[in-house]
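I have placed the structure first, in the form of structure tokens, so that the comments after it can refer back to it.
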Amino acid sequence: MGKELLGLNVDTFGFEEAVQRAKNLVDGRKVAQIITINPEMFETASKDNDFANIIKEADLVIPDGIGVKLALKLNGVNTERIPGIDFARRLLDEAAVNNIPVAIIGAKEEVLVKAVQNLTKEISGLNIVYYHNGYFNNDNEIYEEINTKSPKLILVAMGSPRQEKFIYNAKKVLNPALMIGIGGSLDVWSGMVKRAPKLFQTLGLEWLYRTITQPSRIRRIFPTLPVFLIKSLTKRSL
Ligand code: UDP
């Protein structure tokens with residue numbers, strides 16, 4: 001199940017079905033890529049053909065955030081919003097239960113270390129076999145290091161489109177694994193950034209809370225969101 005928005009397919013399975021699909025991608029056959037897409041990424045894709053192609057080739061593209069959910073609704077499709085951070089957290093829970101080795105890449109060193117500590121404490125059985133901060137340019141060396149540890153689930157938190165490109169390029173060199181870009185999730189898991197209160201989350205207003213608490217994010221909402229919604233109604237491709 002999916003819907004094309006501005007020439008890019010967005011999968012519209014709902015949370016539980018998406019989790020099942022993700023689990024099936026940890027099959028040892030290839031490096032699989034999950035993208036949690038938001039309006040800003042559509043904007044980037046409209047200017048960056050390589051990035052658009054990465055999204056087109058992804059194994060699963062899930063609607064992260066209220067903007068994409070709204071655009072889908074305006075285009076006649078009702079679907080569940082799947083916050084990337086909740087989805088990734090669920091994948092970690094599943095990995096722990098199923099004994100799947102995990103790697104986590106991204107964020108500043110102290111943020112990463114704290115997040116890894118917190119996750120290991122919170123999720124019993126979680127096996128993090130490799131982690132590295134997200135500030136490097138020697139991608140090939142990182143791929144080699146990852147390969148020596150053979151993780152089967154790899155979370156990459158380096159912001160978009162950097163994380164999606166890192167994952168895409170990994171397809172050529174990495175042992176089979178499921179990889180997903182998780183943006184600022186490590187900042188939250190480390191405790192350094194607070195998530196919006198539950199009420200904001202339930203109402204789909206997490207973006208409002210984040211914009212108030214981090215005003216520098218205003219450009220992510222305006223004009224990106226209204227422009228994206230209008231384009232999603234009026235244009236067939238990016
Ligand atoms: N980051 C990184 N390497 C970089 C740039 C950013 O690891 O070269 C990290 C940054 O520390 C933060 C995350 O990527 O933890 C992305 O944060 P952002 O809030 O931009 O993500 P998004 O809004 O895309 O979820």
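As the structure is a computational prediction, the values presented were derived from the model and not from experiment. Whatever order the structure lists them in is the order used to number ligands and atoms, beginning at 1.
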> Please walk me through it: do N9 and V61 pass side chain to side chain contact (heavy atoms under 4.5 Å, CB included)?
Replying inline: CA-CA 7 Å; N9 181 66; V61 179; 5.6 Å; no
So which protein heavy atom does [atom] come closest to, and at what separation?
| atom | value |
| --- | --- |
| atom 7 (O) of ligand 1 | A107 N, 2.8 Å |
| atom 13 (C) of ligand 1 | G183 O, 3.4 Å |
| atom 19 (O) of ligand 1 | R217 NH1, 3.6 Å |
| atom 17 (O) of ligand 1 | G184 CA, 3.8 Å |
| atom 9 (C) of ligand 1 | A157 O, 3.5 Å |

>> Regarding atom 8 (O) of ligand 1: of the candidates S160, G84, G134, which has the closest heavy atom?
In response: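 Looking at heavy atoms only, G134 sits closest to atom 8 (O) of ligand 1.
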>> Using heavy-atom distances only, which candidate in Y135, F136, F166 approaches atom 6 (C) of ligand 1 most closely?
In response: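 Looking at heavy atoms only, Y135 sits closest to atom 6 (C) of ligand 1.
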Pair [X] + [Y]: basic N to acidic O under 4.0 Å:
| X | Y | result |
| --- | --- | --- |
| R195 | D86 | yes |
| D27 | K152 | no |
| R89 | D93 | yes |

> Looking only at heavy atoms, what is the nearest atom pair of T44 and P161, with distance?
Replying inline: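 In terms of heavy atoms, the two residues are closest at CG2-CG, 4.1 Å.
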>> Under a 3.5 Å distance rule, please check whether D48 uses its side chain to pair with a backbone N or O of D50 as donor and acceptor.
In response: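 Yes.
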Checking the N or O distance criterion of under 3.5 Å, is ligand 1 in contact with [X]?
| X | answer |
| --- | --- |
| G106 | no |
| R220 | yes |
| I182 | no |

>> Side chains of Y130 and E145 only: does a donor on one sit below 3.5 Å from an acceptor on the other?
In response: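 Their side chains do contain a donor-acceptor pair, which is all the 3.5 Å distance test asks for.
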> Are Y135 and I104 co-members of a hydrophobic cluster defined by side-chain heavy atoms under 4.5 Å apart?
Replying inline: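 No, it is not one cluster - the side chains of I104 and Y135 are not joined through contacts under 4.5 Å.
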> Relative to the heavy atoms of D187, which atoms of ligand 1 are at a distance of less than 4.0 Å?
Replying inline: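 Heavy-atom distances to D187 below 4.0 Å select 12 (C), 15 (O).
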> ligand 1 versus S185, non-hydrogen atoms closer than 4.0 Å: side chain, backbone, both, neither?
Replying inline: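 Under 4.0 Å from ligand 1, S185 contributes no heavy atoms.
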